[in-house]
Amino acid sequence: MGYNDAEIPTLVRSFPPAVTRYLQDFRLQEVRDIVETLLYIYIAQNSSSSRGEGVGVVEQSCYAYTSGPLFVLAQAGLIDSVSWHGMKVISATAAGVEIARPLVEARIRALDIESLAHDIHEVVPTLLAGTVRGSYVNKTFPSTLPRTEETFIGFLLNNCPGLFIECERFAARLKDAGCAVLAYAYDLDTVAPDGVVYTFPPEFAYILKRMLEAIDPDLREHYDMLLESFCSTFTVLRYLATGEDYDRIRASPGHRRELSRVLSVLSDAIYVLEQVPQADGVDLSRFIIKDRDLYDARLRDLGRELMAEVAEKIVIDRSTPEPVVVPALCKGEVSPAPDPAPESLPVAPPIPSVEAEMEDEEEDEEDAWDDVSFGDETDEEEVEPIPPDIVLPDPSPSTPAPAVVPRPGGLDIFLGYAQDGRRVYWSPGRLNNGHMIILGGSGAGKTETIRCIASELAAQEMPVVLIDFHGDMAANSGNIRSYKIREGGQYYFNPLELDPSIDEITPLRATSDFVDAISINFPTLGIQQRRKIKNIIKDCYRMSGITGKTETWTRVLNFDDIEDEIMNCEDEAIPAYLEDIFDYKLFSGEEKISIPTILSGGITHINLNALPENLRYLFADLFLRRIYYTLQAMGEIPRGTPDERAKFRLFVIVDEAKLLVSQKSGSKTAIKAVLNKYATEMRKFGVSLILASQLIAHFNEEILANIAVKFCMRSENKKQAQENAKFFEVSEKDLLNFQPGEGILIIGSEKMNVRIVPSTERNL
């Protein structure tokens, strides 16, 4: 943003000579990614929730850090990193700031303040400025409603939903213009990031100043006074309830006056101590509590009164505006969640308010798209090369788009047609990562879309593995190997088998992974029971003559031996948990599924439909872990390879992917599930993930931060539409009215409506 591709060479020449020399051998797109990553870090480093002073951004927030830009920036001396409680925190160095600051300042100067003031409720910047209670301008705003009301802004947002929607729209507009990013909020005194927030640049105060100048002075003064009053009462009530914030009350005359008022209301529950000399010289009332129950009840009543007053006096009631076109200043913002808005694309209208009663969500996938066809699609023999962008130039809407010839070293997967007739391709080798998510309700065409993508990949001799929980994902064409996993079936794999060529999988690691996967799928299994299972497996390894020495790993640990030990275990709960595994002979059989065969090409269909539900997910979890270690043993894909096909060793497609993603318990992630590991680590080993589910909420921030392409198809009901519409910045009506095979696609730096061409109309 603030520059175009043609200007990049000139831009780079303005960098320090050492940086210019370092970047001179990189391609144009790589330089763009590097610069955008630096700009992202420069803004996102304000995400420290305790300080807001630009101390750094958590590494997992950095959208492209697995694809090379972070390494380049560190080598060029433009970023630095430190570790806090196991978190890696990245910040721009002085040299990096020198490059990033003028580019961000150019974006801010290009902001259309008049348009913002017209489209965003005029009280929003006043509220943002008025909620600053510290020595710095607060440079973050939550991307979702706060879970608690521990801060004043959290209290306001939770009691004024309209206020949150307006503030979020304001922050999103700044993000679209490159003047804000999404990043993990974190506190340097804690051990983990907590939620995603909009983060603003150091120059955010200038944006607020210009916005405030566009607001009626009387209105601004009214809200400033109102907020000051609310903040004093909120702070005093928190102090009286928890004993916190004494220093802030002592420092503010307004807080002292409010404290005296509240103590008078509490007079029947406390003793006010008269004429008690204060060493600090501050006239602050002192008291002791005489009736704790009455005291707590009075505080609760005062809190409810404040909530009601806030809800009454901060009311934002406005009609939904027409969509407006906001000229973006550049393409391709680096961001951990959702991909940036494209240049000159219209901004979607605000999200409608959520109704109190919503339809029940039905998550059964029953895609029935076999007979769908599009009348304007025909087979063509003309050819036209693909230009550098993701999609072809606009043909006449009345003229079907021509087919294309493959680019040398390119990997272009045909998806379907845009509204104007353009052919739309997915080119994973050109993006920051090769991952994709596909969302849609029952009957939307999600499964057929998966089949089409798998067949297109197989036609280009790329290996694909389909993890199929329902048995309906098998492609209709291409080289397909189908393995149906069933009771006493023919096919199996042994998760405890070792390979001397893969030293990452030791007996201890295989044991830990096996027990970890069981724990995910049987969450009520106790700690002591997990320990007993580990000890049993380790004993079985030892009895089979398998030790930590690789020369013993050619021996095989038979699952029947483990079954005998488990079923005779003194703890009766352990056999009850694992009985299905042994009854179904889940990890033993006649023919072993070969990972090298899968990697050789074609489509490998792992059909898990015949298994009980809990065993489907256990098998998939352990099978993906084995793939992970096999590819890890092959080493990383060389950085900077020009051959896009060489960047990928395997495409993994998973339906019902939510079942293999880390779920949250309270505010912390309970268990690190296998797909989180894939999304964050496996790109460098050549894996592309294609994950399908019904709702965007099924994927946590860690997954979304590492997905470059998102495709949202028709929602099954209003609740699904509400969930997905906010993320994709479209209307609920659009998501409910899509036809089978239609959806909104975010790919690279473009967002567009796309119709997938079904497999019955493809010539593969």
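What you see is a predicted model; the values in this text were computed from it and never measured. Positions are given from 1 along the sequence.
L508 CG to D513 CG: the interatomic distance, rounded to the nearest 0.5 Å, is 10.0 Å. Annotation: the span from I756 atom CD1 to F711 atom CZ amounts to 4.0 Å, rounded to 0.5 Å. Residue I480 holds its CD1 atom at 6.0 Å from OG of S455, rounded to the nearest 0.5 Å.
Using a cut-off of 4.0 Å between Lys/Arg side-chain N and Asp/Glu carboxylate O, E644 and K647 are scored as not salt-bridged. Between K585 and D560, at least one side-chain nitrogen of the basic residue sits less than 4.0 Å from a carboxylate oxygen of the acidic one, meeting the salt-bridge criterion.
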Going by atom type alone, with no hydrogens or angles, which donor-acceptor pairs under 3.5 Å involve a side-chain atom of residues 533-544 and a protein atom two or more places apart or on another chain?
| residue | atom | partner | partner atom | Å |
| --- | --- | --- | --- | --- |
| N535 | ND2 | R531 | O | 3.3 |
| D539 | OD1 | R542 | NH1 | 3.4 |
| D539 | OD1 | R542 | NH2 | 2.3 |
| Y541 | OH | L496 | O | 2.6 |
| S544 | OG | C540 | O | 3.0 |

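At distances below 3.5 Å, at least one donor-acceptor pair connects side-chain atoms of N568 with backbone N or O atoms of D564. The backbone N or O of T547 lies less than 3.5 Å from a partner atom in the side chain of W553, making a donor-acceptor pair.
Residues I485 and L586 are in side-chain contact: their nearest non-hydrogen atoms beyond the backbone lie under 4.5 Å apart. For the pair W426 and S688, the minimum side-chain heavy-atom distance is below 4.5 Å. You'll find the side chain of I562 stays beyond 4.5 Å of the side chain of F587, heavy atoms only. Side-chain contact between I747 and V754 is absent, with no heavy-atom pair separated by less than 4.5 Å.
Only one option out of V709, L691, I690 pairs with I437 in a side-chain contact (heavy atoms from CB on, under 4.5 Å); it is L691. Partner of Y483 under the side-chain contact (heavy atoms from CB on, under 4.5 Å) criterion, chosen from T604, N607, L608: T604.
Checked against the 6.0 Å centroid threshold, F623 and Y491 do not count as a close aromatic pair.
If you check the side chains of Q490 and E590, you find no donor sitting under 3.5 Å from an acceptor. Between the side chains of Y629 and D499, no donor-acceptor pair is found at a separation under 3.5 Å.
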